[in-house]
Structure formats: structure tokens, C-alpha cells
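Below is one structure. I have some questions about it.
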Amino acid sequence: MTILIKQIINLIKLLHSETETRPIAWGVSLGFILGMTPAFSLQTILVFFCLFIFRIQIGAAFLSAFFFKFIAFFLDPVFHPIGALVLEAESLKGIFTTLYNMPIVPFTRFYNSIVMGSGVVSIILSPVVYFLTKVLVSKYRTVVVARVANTKYWKLFKATAIYKWYTSYNNLYGEA
Amino acid sequence: MAKIKVKNTDGTAPKKAKGMIRYEAVVPVLIVFALFFAYFKFFFDMHLRMGIEYGATYANGAEVNVGDVTTSFFNASMKISDIQVTNKEIPKQNIVQIGGVSFKTEWDGLLRGKVIVSDAAIDDIMVNTNRKHAGRVLPVKKSSEDSMETLKGQALAETEKALDGSIFGDVAAIAGGVDYKDQLKKMEGQLKSSQFIAKMEVELKEKEKLWKERIEKLPKSDEIKALEKRVKALKVNGKDPIAIMNSVKEIDALYKEIDTKVKAVKESKDALSADVQQYKNIVGDVKNFVDQDIKDLEGKLGIPSLDPKDLGMRVFGRQFAGEIRRAEKYMRLAREYMPPPKKPGAAKEELTPREREQGKNYKFPITTFYPKFWLKRAHINSKATQGGFSGTIAGDILNVTDDPKVIGKPAEAKLSGDFPNSDIHGVLLHAVVDHTTDVPVEKGTIKVGAFPLQKTMLSESSDVTFGFNSALGSSVLTAELKEENLDLKFNANFAKIDYLVDAKSSKVKEILTNIVKSIGPLDLNGSAVGTWKSMDLGLNTNLGSELQKALKAEFDNQMKDLKAKLRASVEEKIKGQKDKLEAQVKGFEEKIGVNLRDKDKAIEDLKGRLNEEKKKAGSKQEDKLKDGAKKLLKGFKF
């Protein structure tokens, strides 16, 4: 739980800093893949492994996964025909048969239409999500943050106990 | 050139850009991996050993010790050494001790979530070895399941009990003279023939009542007389064709009325004949009940049958039924661990994801499929040692799996060996557990070339002691269990027999001594066919034949005389009842039959007379028509 809070604080901090847009974009992008996957499977473990090893913003990944999980629920009717189309493709039958009979690979549950459909869609769209996030974060910094920082409400908020708690927490654990 | 220091807007120095890899996380992960490795290297085997000991102790109900466990992650193998299973009846002994069990699984299977043991070895098996210290025995919990099993085995237990009355004791009783009168007096109220006659008497009375009610519904004599009057009153007018036609119609209507009554009487007559015949047969059945009563009396008086098979069964039957009962217990225990047969059409268990909405699982051709567990081959190798019941055994256990249908091969055990410490030689075992089809079949053959028979008492009563001090035996047993149906056959041969014979009666002792002197090697052929609940046991032995010969020579006349006396006594007891029943049947036939016959005759007569009238009317009508036709032709001057 502490790690998650730390990561969310880091996310807020990163959003408001002048550098480091890539970890957030990677986090959102991988979170997008996580959120789209219907159940816990082998590829989920692979994504977690990447999150842990590479300098990717975990908070952004979790928040994004949480958000896209809801969207994915409504997208299932789209994923199903896409997955079915891929799985029924005559030219891919050979490779799927090989994968089906290989060790470990069946644990990815690739033979399910929704897993395949969501996988294909999320992998294709993840670069789009990545670049879009980068652009949006930059825009947020230049447009929103700069404007909000000059308002009297923000100055008022900076005087509150929550902000002070955030600052002290950040001083203690904030360094990622 | 002077360096320019870059500062952040708040005046602090800018942080150094971090690399792509999260090194600060990699190190803790490596430490965790190192700890895992250290645990598996130094502690896992010990903890696994303790876990096996704990689980096996609870499964066995008494302490199980494991000397050492060695596992290898990379080889996917395990070796368990020195397994000692405490005998819960004798805690100072091991029921079985195994020198080592080792097996190697296939990574290919493990990566598919399946355990495929390609090769296993079980070494140095010993039975009933002494323990260094007494094993801990867990308190016994009597479950309802045990009670159920006890109930299931009751049929065989009853057979065992029924054979408990020793044939030798009966022989002694015959030799001493049998007082049958007392026994007959005791059985007076329980004679099956007497009970049967009493029941039939009541039934016959009920039947008589029913018949009286049925006859009441048939045409009474008044009705028949009225019909007779109507028949007599019928007159066919010979001149008027319309009157003739009306008379014919009237005759037809009356004929139909009488015919209905005739049919009703006829049906009753036929039913009565069937009933009478049935009761006459029942009187004949009394003889069968008398035979049964005599058989019961013979059993109670201990008069042996002189059938060699029966004699053989009574000599060895108790031991045989006991062995079958033990086999049933082990078979039920084994079946608990055998995979249940999968019914055709049953859903195949496979890895399926939880479907989110309408997801569909696609199936591709299976080229490599394993069951969840498959022991391909376990080699058993054991050498005889000085301690316990150990032997030189070699053999294989093949294809033990949770899903035999998938591999399409039955589980098999092929073992051969010798137990020199116990003088048992030439042991061959071949067992097949075939659950590859919907009907499970377990079959096997056990051969023992030579084994010593320890002191075995076949009869141990105050009158007779008969048994073996020692003997040398050999045996072959084949058995097939198809669902609940057992078909077991065995042959045992005993030589070098040292008999143990003693009897209170010198005559019985002489008979038995003469038999054992003349008999030579003892041959025993047995069979058990049927379900566990209803088993047909058969046993044939040359001891039975010899016993029959001796008993026939000695007691045949005495026994024939006794049986004749028994029959005469039983028949005497039921004579009064039997005569009464016969008279009742006769009376029933006469009373009801005569009544019915009279009715039948009267109504048949009426029908005959009416038939004649019908014919007369018909011919008159015909004549009239002919006359009319002639007149008509004359009118036309033909």
C-alpha cells in the first residue's frame, strides 16, 4: 500500500515537474495493456515484470489499468469478433496449433477470442497511447499547471495541512 | 573556460538523469532470489521430509518416518530414503519398510502443469521389520463410512459364520448317536410346511368367498327359466313372410342375449379350472416344504451331506470366506485411490479462462497431450535381508495415471521374487487395472511356487481337533473384478503334510487317521463368483472326497435311517393339516364347480334349442321365398 501511495505521489510530482514525461507515458501505456486483458494470465506477469525492472511510473500504470478496465468491459463485444477473426484465420492455424501444444504458452490463454482480441487491440494501440500521453502531459504542464499555480486558490491550498503533509511525505519518501 | 553551473528555479542543483533500468529494485529482487535459492538449497528438503512424515502419519494412522529427502530443481527429481511405516496394531514393528523411492519428472510436462514421471525406482522393500523405538499411533476415529463397509461385508461374514460349524464335530455327533425328537419338538411351531399349509388354508377360504360373490353375478336359475319360457314361446308363422322375418329377428335378439350369458359363464368356468389346478399344485408344493424342513433339521442336528463339494466347503470354507472378505476390504480401499471411469459425453476437464462476456475458447488439434499425473514406469528392486519379511523382488509398475483413457493403456504391475527367510519361492504377480473403458476391470494372477503352511486348525472343538502342524504348499490364483462382479479361481496343492488329529470318540479318530494316511498330497480348488453382496463360493478338495468315502462306509445306513425317520416324523406332524387342505381344495372344486357346471349346461341347452329354432325359421323363410318366386314366374308365363 505504501508503495502505491508513493507511486501516486511520484506521479503527481512528475506531472508537476519539468522533466520525465516518458515514465508516465510508459506507465499509462502498459496500464492500458493490463486493463484491456480480461483475466490474470501469463502476459499480465510479463507486464508486471517490466513495470518492476524498468523505470516506468507504476502509479501511472495502476491508475491507467484501473481506468481502462472499466472501458474494456464495454469493449468486449468489439474484442470478441477481432479475436475470433485472428483465431479463425486459416493462415495462422498452423502457428496456433504449435502454440497450443507448446509448454507454458497455453497459460497465456491466447485461444480465447476476448484475450486475443484485447491483446491485439492493446498492443496495436499502446504506442498511440504512449505518444498521446506524452503530448497530454506536456500540454498539462504548460497550460493547466502554470495557470493553476498563479491562482489564489492554489496559494490558499499550499497553506493547508494536506499540502504540508504531502510536502513532508515527499521530503521523506518522495525520491523515486 | 569556466564551467556554468545549471540550477533549478528554486535554486537547488538539478538531479542527475536516471537510467532506464530500476537498479534500486533489481538488487532487492536479486536478494529475494538468493534467499529463495538458499532456502531451497538448505531447508526445503528438510521441510518437505517433515511434511511427508506429517501427512503420511495421518494417512496411515501411525507414525511414518522418512530418513532423507533430496530434490533437484534442474533435474525435476526427488529421492526419498528409508521410509518406515509403523504397524498400528504392533507399534514396535513396521508394516512396511522401503529402502528408497526415487523418481524423475519431465520438465515438458511440468511446464504444462502436468506431472509425468518417466522413471521411478522403489528399492529394498521389507515387511514386518522391527523398529528402533515404538511408533506413535494416532487415536482411531470410527467414521460412518466404516459402518457402511461393515454392512457391505456382512453377507460374506454371514457365510463365514454359517461355515463355522465344523464338519468334524458333526461326524463326532453322528458317531455318538443323534436324538432328533427333542429338536423336532423345538421346531414344531416353526416347520415351514406347517406354516405354508396354514397360509394356504386362509387363502383358499378367501378365494371361496370371492368365487361365491362372482357366481352371484352370473345368471340365476330363475333367469334361466325365464329365458327358457321365452324360447318355448317362440313360434314361427309359416304363411306370412313378414311374420317369419319378425320371428327371425326376435330369435336373433334372444340368441345374442343368451350368448352374452354363455360367455360370462364360460369365462368363470375357465377361471375356476385354473384356480383349482393352482390349488392342486400347491398341495403338491407341500412336499418341497417338507424337504426344506428336513434339510433344516439335518442342519440343526449336524447331519453332514455326503456331497464331496459340500464336505470340502465345510472343511476349508471358513478360511476361504475369511480370505475373500479380507480381499473385499483391500479392494474397496484400493478403489478409493483408483481413477473413476469417465462416462462418455462427460465434459473434459481442461484449462479454460474465466470468460468475460461472450468470449469463445477455440480448440486446436492436440498433438501433445498428457494426463495430470502419469507414472510411466517404476522399477521395483529389492534384495532379501536378515530382518523382517524381505525378499528378492524385481519387477515393474507401469502406466499409473489419473486419466487412463487419455493414454489408452491400463496400469500394470509385474513382479517376481523369492522370500528365502520365509521359505517362499517362485512368487509371480501380474496385476492389470484397466480403467481405459467405461467398465473398469481389475484382473490379476498370483503364483506361489512353494510356501510353508504353518500350524492351521480346521476344527478345534471339544469333540474333534483336526488340522495341519505343517505342510508345503504351492498355489495359483486368478481373479477378475468387473465393476462389482468378482470371478476368482484358485488352486492350491499341499504336500509333506504333518496332520494333527485328535478326537474324543475313538471311532472318529480312527476314521480321520485312516483318511490322512491314505490321502497323499492335498488338492484344493476354489472359486468365488458374484458380487460382494451375493457371492457364490465353491470349494473342491480331495479331502472332501476321502471324507465322503469314509463317512459313507461308516455312517451311510445310520444316516439314511435317520433321514427316513426325520421325514416320517415331519410328515406325521403335518398330516392332519395336509389332509384338511386337500379336502378344502376338493370341496372348493365340488361346491363352486357343480354350481357353475349346472348353469353352464342349462344355458348351453337353451342356446342349442334357440339354434334349432333359428334354423327352422331360416328354412321356412327360404321356402316362402322360393314359393313366391315360382308364383311370380308363372304370372309372367315362363
Side-chain angles (χ1 to χ4, degrees), chain A residues 3 17-20 22-23 26 36-41 49-58 69 72-81 83-84 86-89 92-118 175-176, chain B residues 6-33 74 76 105-116 118 348-372 374 406:
Chain A
I3 296 167
S17 69
E18 287 169 5
T19 52
E20 303 283 5
R22 274 184 307 164
W26 272 115
M36 291 294 169
T37 311
F40 190 84
S41 57
F49 183 78
C50 290
L51 285 175
F52 205 69
I53 294 297
F54 297 107
R55 204 169 295 281
I56 296 166
Q57 227 294 316
I58 297 172
K69 202 89 191 162
F73 185 77
F74 297 103
L75 287 174
D76 275 352
V78 179
F79 293 151
H80 171 66
V86 176
L87 289 165
E88 283 171 17
L92 295 172
K93 220 157 220 177
I95 194 165
F96 286 143
T97 305
T98 311
L99 292 173
Y100 198 68
N101 289 285
M102 271 172 74
I104 301 181
V105 181
F107 291 118
T108 59
R109 298 162 186 183
F110 72 90
Y111 49 81
N112 180 271
S113 60
I114 289 187
V115 175
M116 179 56 85
S118 64
E175 296 302 312
Chain B
V6 181
K7 285 184 178 179
N8 284 340
T9 45
D10 57 358
T12 56
K15 279 170 196 167
K16 198 180 165 186
K18 288 175 179 175
M20 205 181 149
I21 293 171
R22 207 192 290 269
Y23 287 106
E24 67 273 23
V26 172
V27 175
V29 168
L30 286 177
I31 292 169
V32 169
F33 273 109
F74 294 105
T105 58
E106 290 177 10
W107 265 112
D108 184 47
L110 288 175
L111 291 174
R112 293 165 201 266
K114 313 285 167 73
V115 179
I116 312 298
S118 51
K348 211 172 186 181
E349 211 178 307
E350 61 175 37
L351 201 69
T352 50
R354 189 173 60 82
E355 287 172 23
R356 198 172 71 183
E357 233 176 56
Q358 306 120 312
K360 182 185 168 190
N361 288 333
Y362 283 80
K363 283 178 182 170
F364 295 95
I366 294 166
T367 53
T368 316
F369 192 80
Y370 295 122
K372 279 182 190 160
W374 184 9
V406 166

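Quantities reported herein were computed from a predicted structural model and do not represent experimental measurements. Just so it is clear: chains get the letters A, B, ... in the order the sequence lines come, proteins before strands, and each one is counted from 1.
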Surrounding CD1 of A:Ile95 (heavy atoms of other residues, nucleotides or ligands, distance under 6.0 Å), is the total greater than 12?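 Counting neighbours around CD1 of A:Ile95, 12 or fewer heavy atoms of other residues, nucleotides or ligands fall under 6.0 Å, so no.
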Exercise. Taking everything shown except B:Trp374 itself, do over 12 heavy atoms lie less than 6.0 Å from its CH2?
Worked result: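 Yes, CH2 of B:Trp374 has more than 12 neighbouring heavy atoms, counting only those of other groups under 6.0 Å.
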query: Should the ring pair A:Phe96 and B:Phe364 be called parallel, tilted or perpendicular, given that the plane angle runs from 0 to 90° and is split at 30 and 60?
result: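 Tilted, since the angle between the ring planes falls between 30° and 60°.
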Do A:Arg109 side-chain atoms and B:Asn361 backbone N/O form a donor-acceptor pair below 3.5 Å?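 It does not hold such a pair.
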message = Given B:Arg22, which partner from the list A:Ile53, A:Leu51, A:Ile58 fulfils the side-chain contact (heavy atoms from CB on, under 4.5 Å) test?
response =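 For B:Arg22, the side-chain contact (heavy atoms from CB on, under 4.5 Å) check succeeds only for A:Ile58.
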Review point. Does B:Pro365 offer a backbone N or O that forms a donor-acceptor pair with the side chain of A:Thr97 under 3.5 Å?
Key: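 Here the side-chain-to-backbone pair does not exist.
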Quick one: list whatever passes side chain to side chain contact (heavy atoms under 4.5 Å, CB included) with B:Ile31, sequence neighbours left out.
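Once residues adjacent in sequence are excluded, the partners of B:Ile31 under the side chain to side chain contact (heavy atoms under 4.5 Å, CB included) criterion are B:Val27, B:Leu35.
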Query - Part of A:Met102 lying under 4.5 Å from any heavy atom of chain B - result: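 Just its backbone gets close to chain B.
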Taking side chain to side chain contact (heavy atoms under 4.5 Å, CB included) as the test, write out the residues that go with A:Phe54, two or more places apart.
->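 With sequence neighbours excluded, A:Phe54 shows a side chain to side chain contact (heavy atoms under 4.5 Å, CB included) to A:Cys50, A:Ile56, B:Met20, B:Ile21, given in chain and number order.
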Q: Enter the distance from A:Ile114:CD1 to B:Lys360:NZ here, rounded to the nearest 0.5 Å.
A: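 Those atoms lie 12.5 Å apart.
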(request) Supply the atom-to-atom distance B:Leu111 CG to A:Phe107 CZ, rounded to the nearest 0.5 angstrom. (result)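 It is 8.0 Å, given to the nearest 0.5 Å.
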